[in-house]
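What follows is one structure encoded as structure tokens, with my remarks underneath.
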Amino acid sequence: MCDTCGCNLTPGNRHLAYKPVARGATAVSVLKGLLAKNDDQAGHNRAHFDRRGILALNLMSSPGSGKTALLEATLTALKGEFTCAVIEGDLETENDAERIRAKGVQAHQIVTGTACHLDAHLVHDALHEMKLDGVDILFIENVGNLVCPASFDLGQHLNVTLLSVTEGDDKPAKYPVMFRAADALLLTKTDLLPVLDDFDLDRAEAHLRNLANPAPVLHLSARKDAGMGPWLDWIRVQLAQQLARVAAGQSRRPAIQPDGARYHHTEA
């Protein structure tokens with residue numbers, strides 16, 4: 001996919017790509033440089049979160065899996081308990097940020113144009129447009145795509161991958177890069193299971209385990225407010241662990257997938 005779509009370039013890093021290139025430099029070396037600069041920026045973002053005691057969660061999935069609906073239900077449930085903020089990523093429109101703001105939560109929309117993922121530079125620019133004082137949890141809703149987002153460190157602490165029951169239970173087998181990166185897997189829209197006879201929850205989890213990923217698998221329906229309790233408890237535990245890390249002068253880097261580099265022309 002990324003061998004031809006040019007998604008390595010985003011509005012956030014394009015200025016880096018078009019700097020004069022030294023004689024003899026190759027496309028591979030330029031892209032390696034872009035990813036190295038992305039990792040540097042991600043480290044800066046994460047240090048910024050750690051200084052403020054913020055837990056940053058990166059939500060990834062295919063389009064239409066229910067990320068924004070999950071956020072709406074989550075923000076409603078956590079209101080009064082934690083202060084949350086949201087960064088939204090889409091190719092076009094401000095629609096998702098408007099839905100989050102309607103919940104009374106600060107949200108910033110990143111419009112990527114043609115880029116099918118967020119990168120650390122885009123997130124850094126967004127942070128400069130937000131007020132982070134007092135924020136406990138920052139949710140980053142990545143662009144809907146089951147490939148590229150898993151290969152880019154944004155500065156988050158944890159990855160949350162959504163798989164809706166309308167997509168097919170073999171997605172972890174078909175898109176291993178994304179599902180290896182998951183620190184938690186949410187099987188969403190489970191209220192639709194009674195009318196879907198081709199999605200097996202156990203089979204979906206078995207595909208994840210075949211990737212040697214021990215992440216918790218949670219079943220829920222955000223729109224029907226079903227199964228939200230374990231998800232909210234998971235967030236509470238992760239925030240407590242983040243605050244403990246901060247107190248100990250430590251940080252946590254998510255599982256960025258090195259095999260994703262193959263899709264971005266960075267391997268020799």
Side-chain angles (χ1 to χ4, degrees), residues 42 45-46 49 54-78 82 84-91 95-97 99-101 103 105-110 112 115-120 122-123 126-127 130 135-165 167 171-172 175 177-189 208 213 215-223 227-228 230-239 242 252 254-257:
N45 294 351
R46 192 158 30 248
F49 298 142
I54 295 174
L55 172 68
L57 301 177
N58 178 32
L59 275 58
M60 303 184 291
S61 75
S62 58
S65 66
K67 294 190 295 298
T68 310
L70 174 72
L71 280 173
E72 290 174 313
T74 301
L75 296 169
T76 298
L78 295 179
F82 303 118
C84 300
V86 178
I87 292 175
E88 292 282 353
D90 276 308
L91 270 65
N95 293 353
D96 289 350
R99 287 172 58 178
I100 298 302
R101 293 183 195 120
K103 296 291 180 182
V105 174
Q106 177 185 194
H108 181 84
Q109 182 76 49
I110 297 174
T112 64
C116 56
H117 63 273
L118 296 179
D119 69 11
L122 290 169
V123 170
L127 295 176
M130 304 178 74
V135 169
D136 300 302
I137 304 169
L138 174 69
F139 294 97
I140 303 171
E141 182 180 341
N142 218 311
V143 177
N145 179 352
L146 277 180
V147 180
C148 306
S151 301
F152 290 84
D153 188 357
L154 308 179
Q156 77 275 27
H157 300 103
L158 293 152
N159 291 322
V160 178
T161 300
L162 282 68
L163 171 61
S164 72
V165 300
E167 297 177 63
K171 282 294 186 295
Y175 298 89
V177 174
M178 171 62 68
F179 288 90
R180 284 196 195 101
D183 293 298
L185 174 62
L186 307 187
L187 299 180
T188 61
K189 302 185 180 181
L208 180 72
N213 188 333
V217 177
L218 308 177
H219 308 169
L220 59 84
S221 169
R223 291 195 182 279
M228 290 292 290
W231 159 239
L232 298 173
D233 287 342
W234 184 86
I235 293 173
R236 294 183 180 103
V237 169
Q238 300 310 318
L239 178 57
Q242 167 65 358
R252 185 188 192 284
I256 304 303
Q257 295 303 289

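As the structure is a computational prediction, the values presented were derived from the model and not from experiment.
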* Asked: Atom NE2 of His117 and atom OG1 of Thr112: how far apart are they, to the nearest 0.5 Å?
  -> 8.5 Å
* Full working for side chain to side chain contact (heavy atoms under 4.5 Å, CB included) between Ile110 and Glu88 -> CA-CA 6 Å; Ile110 297 174; Glu88 292 282 353; over 6 Å; no
* Structure fact -> For Leu59 and Lys67 the tightest heavy-atom approach is O-CD, 3.8 Å
* Measure up the Phe139 and Trp231 rings against each other and bin them: parallel (under 30°), tilted (30 to 60°), perpendicular (over 60°). => tilted
* Do the side chain of His157 and the main chain of Ala56 share a donor and acceptor less than 3.5 angstrom apart? -> yes
* Asked: If every non-hydrogen atom of Leu208 is compared with every non-hydrogen atom of Pro172, which pair is closest and at what distance?
  -> N-CB, 4.0 Å
* Flag side-chain contact, heavy atom, 4.5 Å: Leu57 against Trp234 -> yes
* Asked: Do you know the tightest heavy-atom contact between Ala215 and Ala182?
  -> CB-O, 3.4 Å
* To do: Please confirm whether the backbone N or O of Phe179 pairs with a side-chain atom of Asn213, one donor and one acceptor, at under 3.5 Å?
  => yes
* Asked: Which atom pair, heavy atoms only, marks the closest approach of Met228 to Ala73?
  -> CE-CB, 3.7 Å
* Hey, are the side chains of Leu71 and Val105 touching, using non-hydrogen atoms and a 4.5 Å cut-off? -> no
* Whether Asn45 side chain and Leu154 backbone form a donor-acceptor pair below 3.5 Å -> yes
* Check against side chain to side chain contact (heavy atoms under 4.5 Å, CB included), Met130 and Val135 -> CA-CA 10 Å; Met130 304 178 74; Val135 169; over 6 Å; no
* **Interatomic spacing from CG in Leu163 to CG in Leu146 - rounded to 0.5 Å** => 8.0 Å
* Flag if over 12 foreign heavy atoms under 6.0 Å of CZ, Arg223 -> no
* Search all heavy atoms of Arg99 against all heavy atoms of Ala69 and return the closest pair with its distance. => NH2-N, 3.7 Å
* Asked: When you measure from the side chain of Gln109 to the backbone N and O of Ala97, does any donor-acceptor pair fall under 3.5 Å?
  -> yes
* To do: Working to the nearest 0.5 Å, report the span between CG of Leu185 and CG of Leu162.
  => 8.0 Å
* Any donor-acceptor pair under 3.5 Å from Asp183 side chain to Asn159 backbone -> yes
* Asked: Within a strict 4.5 Å, meaning less than it, do heavy atoms of the Leu70 and Leu220 side chains meet?
  -> yes
* Asked: Below 4.5 Å, heavy atoms only, C-beta onward: do Leu127 and His108 meet side chain to side chain?
  -> no
* Do Val177 and Val147 have side-chain heavy atoms sitting under 4.5 Å apart? -> no
* **Main-chain N/O of Cys116 paired to Asn145 side chain as donor or acceptor, under 3.5 Å** => yes
* Structure fact -> So OG1 of Thr74 and CD1 of Ile137: to nearest 0.5 Å the spacing works out to 9.5 Å
* Pairing of Arg46 and Asp153 as salt bridge, 4.0 angstrom limit -> yes
* Structure fact -> Scanning both residues in full, the closest heavy-atom pair of Leu138 with Val86 reads CD1-N, 4.1 Å
* **Distance-only side-chain donor-acceptor flag, Ser65 / Glu167, under 3.5 Å** => no
* Nearest 0.5 Å, what's the CG-SG distance between Asp136 and Cys84? -> 7.0 Å
* Asked: So do the side chains of Phe82 and Arg236 get within less than 4.5 Å of each other, counting heavy atoms only?
  -> yes
* Structure fact -> CG of Leu55 to CG of Leu239, rounded to nearest 0.5 Å, is 5.5 Å
